[in-house]
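Okay, structure first, notes after.
This structure is a prediction, so every number in the text was calculated from the model and none was measured.
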Amino acid sequence: MAAALRGTLVTLVKGLGGARMHQLASRPLSVSASLCGQETPPPRADGTFKVTMVPGDGVGPELMTAVKDVFKAGDIPVEFEEFHLSEVQNMANEEKLEQVLTSMRNNRVAIKGKIHTPMEYKGELASYEMKLRRKLDLFANVVHVNSLKGYNTRHNNLDLVIIREQTEGEYSSLEHESASGVIECLKIITREKSRRIAKFAFDYATKLGRNKVTAVHKANIMKLGDGLFLQSCAEVAELYPKIKYENIIIDNCCMQLVQNPYQFDVLVMPNLYGNIIDNLAAGLVGGAGVVPGESYSAEYVVFETGARHPFAQAVGRNIANPTAMLLSAANMLRHLNLVFHSQMVSEAVKRVIRQGKVNN
């Protein structure tokens, strides 16, 4: 699929760009920036934007090549500052991490592939993926699950949003062997971060005209940890009387998503549940290759695929689907208030899929 989609897109983007090349006169604050009170990064003196690019592992570099090809075809005023960070290719160390972080802090916007985390324990529990999130405080991961015309799936016309707290929970990297053969893993839930992600979810629903927020939990078993998360969500919900609030246990949520996903609008949840639901929901609309995502802090935004997979077995075979990364790139352009270019890329992607100009 990659060759057909990328080749057709490059041609189509050139045509769309030449058809009506103009910039919108006003530069309003983008919705994505306003969620965290950010100011959209201004262009440089030559009118271009500088964006940090981290291709990641697996097919990540191939997906980023598709992005760069499409941006070049559309004459999009973005310059990428590219860094290769990989634990599996021995291209990751603290010095390289700091270089990436410095670039992200300077540019405030990044596009990133999946940095694969090896399962083997080599003396360090926190992955470089987690280090990036923590050092930039990328607390909110947002995945918009939206059906694309042209993909035949069991459920059509889906439109739901998954919001995941991704700086604590089960991903706190706090594990130890308390006795021989006994491992303790600590799940950290705090009121401050639970209320912060709940507020983010309700602000998102308010600003994008959504009607309902559902908190996903396992408070019937983890009565204190998930109980605190659920209590925090309920407290924040009281501040938004126009938004309907519900909660659902994680295992029932998985079943309901498969049986009747239309009942959901915005879902908010702790870290591990969000990882699971992101992948499940991506499968409802075509798989990991079609769903975009982004991660927010108060200052920075990182655009990436919604379901994070390196898909290493596809490297070099030209079969990786670039749709998710291209739609993420289009969302990035909207965040930069390059509205015309954002629409050009996203409409080109959707038109190619709608017309079936892809390899199966």
Could you give the distance from CZ (R108) to OG (S297), rounded to the nearest 0.5 Å?
10.0 Å
About how many Å separate CG of N271 and NZ of K187, when rounded to the nearest 0.5 Å?
9.5 Å
Can you tell which of V51, T48, V109, V67 makes a side chain to side chain contact (heavy atoms under 4.5 Å, CB included) with V78?
V51
Decide yes or no for K131 and L101: does some side-chain heavy atom of the first lie under 4.5 Å from some side-chain heavy atom of the second?
no
N260 atom CG, over 12 foreign heavy atoms within 6.0 Å:
yes
Give a yes or no on whether a salt bridge exists between R317 and E62, defined as a side-chain N under 4.0 angstrom from a carboxylate O.
no
Atom pair CZ (F229) and CD (E165), whose distance is rounded to the nearest 0.5 Å
8.0 Å
Is any NZ, NE, NH1 or NH2 atom of the basic residue among R105 and E299 found under 4.0 Å from an Asp or Glu carboxylate oxygen of the other?
no
Tell me whether D265 is salt-bridged to R210, with the criterion being a basic N under 4.0 Å from an acidic carboxylate O.
yes
Evaluate the ring planes of Y240 and F202, with Trp represented by its six-membered ring, and classify them as parallel (under 30°), tilted (30 to 60°) or perpendicular (over 60°).
parallel
Is it the case that K68 places NZ or CZ above or below the six-membered ring of F71, under 6.0 angstrom from the centre and within 45 degrees of the axis?
no
From Q263 atom CD to L257 atom CG, the distance as rounded to the nearest 0.5 Å
7.5 Å
For the residue pair F200 and F139, does the interplanar ring angle fall in the parallel (under 30°), tilted (30 to 60°) or perpendicular (over 60°) class?
perpendicular
Quick check on the hydrophobic clustering: are M255 and L272 connected, directly or via other members, by side-chain heavy-atom contacts under 4.5 Å?
no
Measure up the F303 and Y296 rings against each other and bin them: parallel (under 30°), tilted (30 to 60°), perpendicular (over 60°).
perpendicular
Do NZ/NE/NH1/NH2 and the carboxylate oxygens of D203 and K199 come within less than 4.0 Å?
yes
